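Take a look at the structure below.
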Amino acid sequence: MNHSTHTDHSMQACIEACSHCHQVCLQTAMNHCLETGGKHVETAHFRLILNCAEICQTSANFQLSGSPFHLLVCGVCAEICEACADSCEKIGGMDKCVEACRKCAESCRQMAKALHST
């Protein structure tokens, strides 16, 4: 496998992880969190989960468009996904969101590493 094929495969996997995380975070926020209330709709958590959905969509869009800045966005996305996973885990009852955020964070972290190895 040549480097280009590996990079394309890694990027496709990252795009899919970002898209999935965007969907899960948005669905969790607008359905589970709003319906459950309490800690689920406290400002810091609710803002974070919506921010996570947004940065995941943005990260996927940057990669899909071939933006030279996609590696920077992936690095930011990884940080926000980790924070969101931690918040969801702390509150509890959002295992699907935690899993999607951790997977996306790992995938984005791998993409962002390419920035430092060039």
Side-chain angles (χ1 to χ4, degrees):
M1 176 184 288
N2 67 34
H3 180 68
S4 178
T5 304
H6 175 71
T7 302
D8 291 346
H9 176 72
S10 297
M11 186 179 289
Q12 186 58 42
C14 191
I15 290 166
E16 289 171 12
C18 288
S19 296
H20 178 69
C21 193
H22 165 251
Q23 291 173 15
V24 172
C25 284
L26 190 58
Q27 287 173 340
T28 300
M30 297 313 232
N31 295 294
H32 176 77
C33 290
L34 284 179
E35 291 167 9
T36 305
K39 291 181 180 180
H40 293 268
V41 291
E42 285 181 0
T43 305
H45 171 72
F46 199 72
R47 181 180 289 135
L48 180 57
I49 198 169
L50 289 178
N51 287 164
C52 190
E54 285 293 322
I55 195 65
C56 287
Q57 184 175 41
T58 299
S59 182
N61 289 347
F62 269 61
Q63 292 174 80
L64 286 165
S65 69
S67 171
F69 298 103
H70 80 271
L71 298 176
L72 290 169
V73 176
C74 280
V76 171
C77 188
E79 294 291 320
I80 295 171
C81 283
E82 280 296 341
C84 189
D86 290 346
S87 181
C88 289
E89 198 168 54
K90 182 179 178 185
I91 292 171
M94 293 175 278
D95 292 346
K96 188 176 179 184
C97 196
V98 172
E99 183 182 337
C101 287
R102 297 245 190 263
K103 183 177 179 183
C104 187
E106 180 57 31
S107 189
C108 280
R109 200 173 294 113
Q110 291 301 319
M111 290 299 290
K113 278 183 184 177
L115 179 65
H116 302 294
S117 65
T118 54

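Heads up: numbering here begins at 1 and tracks the sequence. If you're wondering where the values come from, they're calculated on a predicted model, not measured in any experiment.
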Could you pull out the closest heavy-atom pair between [X] and [Y], with the gap in Å?
X	Y	answer
Ala53	His22	O-CD2, 3.0 Å
Lys39	Ile91	O-CD1, 3.5 Å
Leu50	Leu26	CD2-CD1, 4.1 Å
Gln63	Cys18	NE2-SG, 3.9 Å
Ala17	Ser107	CB-CB, 4.1 Å
Phe46	Met30	CZ-SD, 4.1 Å

Close side-chain approach of Met94 to His40, heavy-atom, < 4.5 Å: yes
side-chain contact (heavy atoms from CB on, under 4.5 Å) partner of Cys88, the single match among Cys97, Cys33, Cys52: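 The residue from Cys97, Cys33, Cys52 that satisfies side-chain contact (heavy atoms from CB on, under 4.5 Å) with Cys88 turns out to be Cys97.
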Listed partners of [X] passing side-chain hydrogen bond (donor to acceptor under 3.5 Å, both in side chains), at least two apart:
X	answer
Gln27	none
Asn61	none
Ser87	His45

Co-membership, hydrophobic cluster, residues Leu71 and Leu64, 4.5 Å side-chain: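 Leu71 and Leu64: one cluster.
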Hydrophobic cluster identity match, Leu48 and Val98, side-chain contacts under 4.5 Å: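 No, no single cluster joins them.
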Gln110 atom CD: more than 12 heavy-atom contacts under 6.0 Å: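 Count over threshold, so yes.
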For His20, all residues meeting ring pair (Phe, Tyr, Trp, His ring centres under 6.0 Å), sequence neighbours excluded: none
side-chain contact (heavy atoms from CB on, under 4.5 Å) between Cys56 and Cys81, worked out: CA-CA 8 Å; Cys56 287; Cys81 283; 3.5 Å; yes
How long is the span from the [atom1] atom in [X] to the [atom2] atom in [Y], to the nearest 0.5 Å?
X	Y	atom1	atom2	answer
Ile15	Met111	CD1	CE	7.5 Å
Ile80	Asn51	CD1	CG	6.5 Å
Glu82	Cys108	CD	SG	10.5 Å
Glu89	Cys101	CD	SG	10.5 Å
His70	Thr58	NE2	OG1	14.5 Å
Gln23	Cys25	CD	SG	10.5 Å

Main-chain N/O of Phe62 paired to Ser65 side chain as donor or acceptor, under 3.5 Å: yes
Salt bridge (charged side-chain N to carboxylate O under 4.0 Å, His left out) involving Glu54 - partner list, sequence neighbours excluded: none
Qualifying residues under salt bridge (charged side-chain N to carboxylate O under 4.0 Å, His left out), relative to Glu106, sequence neighbours excluded: Arg109
Intermediate values then yes/no, side-chain contact (heavy atoms from CB on, under 4.5 Å), Ile55 and Val73: CA-CA 8 Å; Ile55 195 65; Val73 176; 4.2 Å; yes
